[in-house]
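Contents: one structure, followed by commentary.
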Amino acid sequence: MSSAPELKATLSLPQTAFPMKANLPQNEPLRLKKWAEMRLYEKLRETCGGRPAYLLHDGPPYANGPIHLGHALNKGLKDFVVKSKTMAGFDSPYVPGYDCHGLPIEIKVDEQLGRKKLEMPAPAVLEACRAYAQKYIDLQTQQFERIGVFGRWQKPYMTMARDYEARTLEAFFGFLEKGFVYRGLKPVYWCIHDRTALAEAEVEYENHTSPSIYVRYKLTSAPEALSPALAGREVYTIIWTTTPWTIPASMAVTFHPDFEYVALATEEGSVYIVAAELAATVVAACKLGSTTELARIKGSELEHSTYKHPFLERSILGVLGTYVTADQGTGAVHTAPSHGADDFYTGQKYSLDQTCRVDSAGRLHADPQAWQLSSPPPFEDKTVWQANPIVVAMLEEYRALLAVSDLEHSYPHCWRCHNPVIFRATEQWFISLETPMKRDDSSETTFRQLTIEEIDKVVWDPSWGKERITNMIATRPDWCISRQRIWGVPIAVFLCEGCNDPIIDPALDKKIVGLFEREGAEAWHTAAISDLLPAGTKCPKCGGTTFRKETDILDVWFDSGTSWFAVCESDADLRSAYQSFQKGKATEVLYLEGGDQHRGWFHSSLLTSVALRGRAPYSHVATAGWTLDEQGRAMSKSLGNGVDPVDIAERMGGEIVRLWVASIDFREDMAASENLMARCAELYRKLRNTFRFLLGNLSGFDPARDRVLESGLLPLDRYMLARTRELTEKILGFYETFEFHRVYHAVNEFAIVDLSSFYLDVLKDRMYTFAPTSQERRSAQTVLWQITEALVRLVAPILSFTADEVWEYLPQVAGREESVHLTLFPKLEAIFSSDPAPMLDEWKQIFAVRDEALRVLEEARQAKRIGKGLEADIEIAASGDLLVLLHRHAAGLKEIINVSNVRVVESAQDVPLDVTALPASGHKCARCWNFMPEVSSYGIWQNVCTRCKNALKEMGINPPAGHEPPEAAA
RNA sequence: CCAGGGAUAGCUCAGUUGGCAGAGCGCGUGAUCGAUAAUCGCGAGGUCGUGGGUUUAACUCCCACUCCCUGGACCA
């Protein structure tokens with residue numbers, strides 16, 4: 001290597017320490033640590049103090065496992081909202097929450113404890129549940145922080161916290177005292193072995209052999225009312241069931257209103273009514289022999305027909321139900337309201353007796369009075385399984401049994417003991433949707449109606465959410481809020497031993513809430529009745545003096561549904577902002593969750609808030625779709641198509657997870673896969689490189705010293721500022737409407753099309769070869785700086801790690817914030833002072849000319865007439881207004897077309913535009929590679945153009961001495 | 001079965017009040033070693049889910065259907 005100075009060394013090539021390779025998996029944790037050390041979230045709260053508030057209230061995820069992609073999406077979107085609102089000038093605190101009570105955790109803990117649980121005292125079981133939830137709260141917190149979500153992670157809200165449990169109970173008492181709550185029956189799955197109610201999730205379907213029986217019910221209403229052909233005949237209908245033990249509870253026979261039924265006469269004279277479609281199979285199964293069709297009857301006409309119970313003194317009512325199917329059975333369904341969901345609701349509709357005469361151990365009990373029995377029936381005190389053959393025998397005895405056989409079918413079993421379960425109507429707590437309420441103007445309405453009216457005052461995004469939740473509220477049954485479980489907030493109410501009525505006493509309620517505040521929900525299990533209930537308490541209804549504690553707990557949806565009360569109204573960091581929302585419309589309160597929450601959290605929160613405060617708990621509800629795989633299938637463990645956000649963060653970076661969240665329209669279903677994550681990573685690299693190049697070209701630029709005023713900028717540079725203002729305005733709008741995917745696309749397009757492939761490319765000549773302090777170069781740097789300053793802020797809510805990193809490499813400015821996250825979005829006028837539209841319009845024409853020039857150049861290149869851009873000249877012939885415009889911009893055309901020379905000439909009248917590409921004239925400058933009219937030597941450097949010589953002089957670089965003859969090439 | 005949503009290039013998304021289908025990525029291909037584990041140019045790729053209707057004209061408006069997704073109902 002020669003020690004002679006190289007010409008290349010005199011160029012101002014980009015220089016920056018900002019690394020090209022991000023190394024996100026290693027570097028993100030370091031940045032997280034830095035943020036923690038500088039207490040960034042707390043600093044944000046201080047900085048934002050006094051600004052108008054914007055509240056995003058967190059829907060609590062369930063703390064029973066590591067986070068999945070849906071969680072990452074959810075928290076990512078929320079983080080975008082909170083950060084963008086903060087940078088838009090709001091005070092937007094974020095208090096994350098966790099849903100802790102409920103079945104999934106209790107089941108897990110059950111599994112861990114095994115049968116030991118049954119002997120453990122309640123507080124010990126609760127302790128185990130708490131520990132389980134806490135473990136996953138800690139894990140999820142760490143995982144959410146890892147993907148860059150800002151929030152009060154040191155102190156999230158938890159539905160199992162003492163004060164939260166106290167507030168939940170307080171909310172329940174509110175319902176109770178205001179008269180929303182009643183106790184009623186509801187059928188639930190019941191395991192008679194474990195003597196417990198089971199939730200849907202605790203039921204497993206296994207094969208089971210049941211007796212399948214056909215039973216005839218004798219018609220007692222007038223046969224001729226159904227059809228004249230039946231007059232005087234002995235008429236029956238036939239029911240089919242696999243649970244003979246429910247026959248004593250049989251209250252009705254359900255027909256399908258739209259089915260056609262036939263009345264078939266057998267040879268021995270009896271007439272049987274069954275569904276026409278099933279007639280043949282029933283006749284065969286019951287061996288009815290040859291039959292004659294006497295009449296056809298529409299199902300709806302069988303309503304209010306009456307029958308006699310096969311062996312009890314009871315009238316059975318003919319009722320209608322559309323759930324009757326023609327797949328199996330007879331089309332006439334035996335209906336025991338206390339032992340089936342359909343049966344129960346049908347029973348409600350027809351006011352049938354719903355009393356359950358099967359006890360918690362599954363033993364049947366007769367009601368001798370109602371049944372007019374002289375002695376206990378043979379099934380008295382037998383379990384349902386023992387009762388089956390007894391009932392079959394009774395049916396036989398009473399000549400009602402037409403057929404019996406064994407049937408193996410899929411039947412619900414207890415998940416734990418694997419015994420078959422039964423349906424049993426049990427007493428539950430309900431909130432009535434028909435509770436009378438008053439509007440603000442004190443007009444009368446109902447809870448349901450007022451809720452629907454409040455829905456209308458909320459902004460639903462997407463808008464169809466309003467219709468969806470309105471439909472749900474309009475048609476939903478009363479809210480069953482009790483669960484026969486332990487892991488939850490107890491329904492801390494005393495029931496009279498005499499009449500089973502609850503004691504409703506605000507003073508007592510307050511006392512119990514206070515107890516919960518101090519000791520948590522455990523207190524209900526440990527406290528003695530006498531400690532809480534004042535001596536001498538009498539039941540206001542029956543005067544009873546002995547009481548018991550209710551052992552049910554509240555539905556977990558009630559827990560999370562009161563978070564607006566337990567958190568927004570109660571937490572010191574949120575209280576005042578939330579109250580200002582409740583008082584008027586000044587403050588927005590946003591709930592943002594998956595669309596499934598229309599029946600979940602949006603729903604339960606709405607109900608509790610309307611009941612207790614007379615209004616919705618939010619002003620704005622945004623919903624996300626579902627995450628699917630690349631083929632549009634739901635993610636599932638069995639398909640193995642899941643994408644684990646934690647894994648992606650560890651391998652590619654949390655930033656990539658964030659970028660994926662930003663890349664899709666979350667309102668619809670969203671595809672995710674390893675492949676799509678890799679795409680985001682690609683794009684990330686491009687963006688990062690663009691930032692790197694921007695920073696590299698800002699080296700040596702001190703805004704305070706070198707910044708060029710807008711009026712002094714070169715036209716191209718001013719144009720780019722106009723573009724940047726346009727982009728900024730667009731992006732701020734997208735943030736405003738939560739269209740993050742549009743931010744993503746707009747930023748990409750700008751970085752790739754406007755910057756990388758146009759402006760930055762075209763600027764190289766100026767940036768590299770002009771003197772560093774020249775006006776032209778400072779003009780470009782001013783704009784590059786402003787673009788970077790704008791872009792880094794615009795991107796910060798999404799690329800939170802990288803933006804903050806870029807921030808550290810920007811030219812230092814006195815008094816600037818420590819982190820990009822403490823800044824505000826750029827102001828439009830600060831980027832470009834006037835409306836950018838006129839300038840953008842003008843440049844559209846210039847770009848049309850440029851496009852044509854590039855096309856012609858490409859053509860010439862293909863024909864090998866020219867090589868690269870700088871080896872060509874361009875001649876543009878135009879006329880009229882365009883010619884005037886081009887003349888005005890003549891000085892800049894060479895740069896934007898990236899050739900050595902551009903000549904603008906007047907074209908013949910009828911040709912609007914004609915572009916010609918020519919081999920460049922002049923000589924190639926060894927320094928700037930432009931073809932120039934004159935090149936000569938500069939010291940030992942040969943073939944240097946005048947422009948470069950001047951630049952070198954300006955840089956203070958004298959012609960270097962050497963042995964070469966000072967002669968220029970021809 | 002009920003309610004709600006979706007369908008535009010291989011992928012992610014644009015397509016304003018109906019007027020010749022767009023961008024980026026990816027892919028293919030060329031240039032380049034002064035953004036180089038980079039950068040730039042060029043190219044191929046869509047009957048806008050299907051079938052009707054309204055209109056001079058439909059990706060866009062109307063009707064029906066198919067498929068996918070979400071939530072719920074149901075299996076005596």
Side-chain angles (χ1 to χ4, degrees), chain A residues 7-8 11-14 16 20-21 205 212 239-243 246 253-254 321-325 327-330 332-336 339-343 345 409-412 423 462 464-465 467-472 474-476 594-600 603 623 625-628 630-634 660 662-665 667-671 673 675-676 678-680 682-683 685-686 689-690 692-697 739 741-742 744-753 756-758 760-762 764-765 767-769 854-855 857-859 861-862 867-869 898 927-929:
Chain A
L7 205 41
K8 180 175 168 181
L11 297 172
S12 309
L13 296 180
T16 177
M20 177 185 288
K21 199 167 179 321
Y205 281 79
S212 154
I239 61 94
W240 171 77
T241 184
T242 54
T243 52
T246 61
V253 177
T254 308
T322 49
Y323 56 87
V324 176
T325 66
D327 299 346
Q328 50 183 351
T330 64
V333 176
H334 143 63
T335 299
H339 299 295
D342 272 335
D343 303 43
Y345 294 113
H409 61 154
S410 162
Y411 188 85
F423 252 113
W464 47 258
E467 198 180 333
R468 200 169 156 196
I469 196 164
T470 301
N471 282 341
M472 287 179 185
T475 58
R476 67 158 295 156
D596 54 339
Q597 299 303 326
H598 283 111
R599 189 169 284 280
H603 194 108
T623 51
W626 213 245
T627 54
L628 307 172
E630 245 174 334
Q631 276 86 48
R633 297 173 308 189
W660 170 77
S663 74
I664 52 195
D665 181 352
R667 275 153 253 253
E668 293 174 21
D669 291 340
M670 298 148 285
S673 67
N675 189 19
L676 294 175
R679 289 272 166 72
C680 287
E682 286 283 314
L683 202 108
R685 262 176 240 126
K686 178 73 192 183
N689 245 304
T690 304
R692 185 172 122 98
F693 191 64
L694 286 166
L695 292 172
N697 281 109
E739 294 175 286
H741 65 290
R742 291 189 157 185
Y744 168 96
H745 285 285
V747 167
N748 278 342
E749 212 170 314
F750 184 76
I752 293 166
V753 181
S756 191
S757 67
F758 172 59
L760 300 183
D761 197 44
V762 123
K764 284 173 188 168
D765 182 54
M767 292 308 298
Y768 297 175
T769 70
L854 294 180
R855 193 190 63 76
L857 278 168
E858 184 62 25
E859 210 174 78
R861 198 169 290 133
Q862 297 290 329
K868 23 180 167 164
N898 216 349
R927 184 167 178 275
C928 69
W929 297 347

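From a predicted model like this one, the values you see are computed outputs, not experimental measurements. Labels below follow one simple rule: chain letters A, B, ... track the order of the sequence lines, proteins then strands, and each chain is numbered from 1.
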If only side-chain N and O atoms of [X] are considered, is one of them under 4.0 Å from the OP1 or OP2 phosphate oxygen of [N]?
X	N	answer
A:Arg685	B:rC25	no
A:His741	B:rA14	yes
A:Tyr744	B:rG24	no

Could you identify the nucleotide paired to [N], looking across every strand shown and requiring Watson-Crick or G-U wobble geometry with both distances under 3.5 Å?
N	value
B:rU16	none
B:rC59	none
B:rA73	none
B:rG46	none
B:rC40	B:rG30
B:rA9	none

Between atom [atom1] in [X] and atom [atom2] in [N], what is the gap in whole Å?
X	N	atom1	atom2	value
A:Asn675	B:rC25	CG	P	16 Å
A:Met472	B:rA3	CE	C1'	7 Å
A:Glu668	B:rC11	CD	C1'	15 Å
A:Tyr345	B:rC74	OH	P	7 Å
A:Lys764	B:rU32	NZ	P	14 Å
A:Asp761	B:rU32	CG	P	15 Å
A:Trp626	B:rG6	CH2	P	18 Å
A:Arg599	B:rA73	CZ	P	7 Å

For the side chain of [X], starting at C-beta, report the closest nucleotide among [options].
X	options	result
A:Leu676	B:rC11, B:rG24, B:rC69	B:rC11
A:Asn471	B:rC25, B:rA3, B:rU36	B:rA3
A:Arg679	B:rG26, B:rG41, B:rG34	B:rG26
A:Asp596	B:rU70, B:rC13, B:rG4	B:rU70
A:Arg861	B:rG41, B:rG4, B:rA23	B:rG41
A:Arg468	B:rG34, B:rA35, B:rG71	B:rG71
A:Lys21	B:rA37, B:rA38, B:rC40	B:rA37
A:Glu858	B:rC69, B:rG34, B:rC42	B:rC42
A:Arg692	B:rU12, B:rU36, B:rG34	B:rU36

Hey, could you give me the CG/CZ distance between A:Asn898 and A:Phe758, rounded to the nearest 0.5 Å? 9.5 Å
Distance from A:Arg599 atom CZ to A:His603 atom NE2, nearest 0.5 Å?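 Here the rounded value is 6.5 Å.
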Using a 4.0 Å heavy-atom cut-off across all strands, classify [X] as base, sugar-phosphate, or nothing.
X	answer
A:Arg927	base
A:Glu467	sugar-phosphate
A:Lys686	sugar-phosphate
A:Ile664	sugar-phosphate
A:Thr242	sugar-phosphate
A:Asp665	sugar-phosphate
A:Thr246	nothing
A:Arg742	sugar-phosphate

Might you point out which heavy atoms bring A:Arg927 and A:Tyr768 nearest each other, and give the distance in Å? NH2-O, 4.3 Å
Between the main-chain N or O of [Y] and the side-chain N or O of [X], is there a donor-acceptor pair closer than 3.5 Å?
X	Y	answer
A:Asp669	A:Trp626	yes
A:His745	A:Arg742	no
A:Thr627	A:Met670	no

Nearest-nucleotide comparison on RNA chain B, the residue closer to the 5′ end among A:Lys868 and A:Thr243: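 By nearest-heavy-atom nucleotide position, the 5'-most residue is A:Lys868.
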Could you pick out which residue, A:Phe423 or A:Ser663, lies toward the 5' side of RNA chain B when each is mapped onto its nearest nucleotide?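 Looking at the nearest nucleotide for each, A:Ser663 comes out on the 5' side.
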Say you pick atom [atom1] in [N] and the same atom in [M]; how far apart are they, in whole Å?
N	M	atom1	answer
B:rU47	B:rA21	P	13 Å
B:rG53	B:rG15	C1'	24 Å
B:rG43	B:rG5	C1'	38 Å
B:rG6	B:rC48	C1'	15 Å
B:rG46	B:rG10	P	8 Å
B:rU17	B:rG72	P	36 Å
B:rA7	B:rU16	P	13 Å
B:rG51	B:rU56	P	23 Å

Derivation of the side-chain contact (heavy atoms from CB on, under 4.5 Å) call for A:Thr470 and A:Glu467: CA-CA 5 Å; A:Thr470 301; A:Glu467 198 180 333; 5.7 Å; no
Is there a donor N/O on one and an acceptor N/O on the other, under 3.5 Å, for the side chain of A:Thr475 and the base of B:rA3? no
Syn or anti for B:rG24, please, going by whether the chi angle lies within 90° of 0. anti
Is A:Trp929 stacked on the base of B:rG34, with ring centres under 5.5 Å apart and planes under 30° apart?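 It does: the two rings, one from A:Trp929 and one from B:rG34, meet the stacking criterion.
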Quick one: do A:Leu683 and A:Tyr744 satisfy side-chain contact (heavy atoms from CB on, under 4.5 Å)? Show the steps, please. CA-CA 10 Å; A:Leu683 202 108; A:Tyr744 168 96; 4.0 Å; yes
Kindly indicate, with the supporting measurements, whether the criterion side-chain hydrogen bond (donor to acceptor under 3.5 Å, both in side chains) is fulfilled by A:Thr690 and A:Ser756. CA-CA 7 Å; A:Thr690 304; A:Ser756 191; 4.7 Å; no
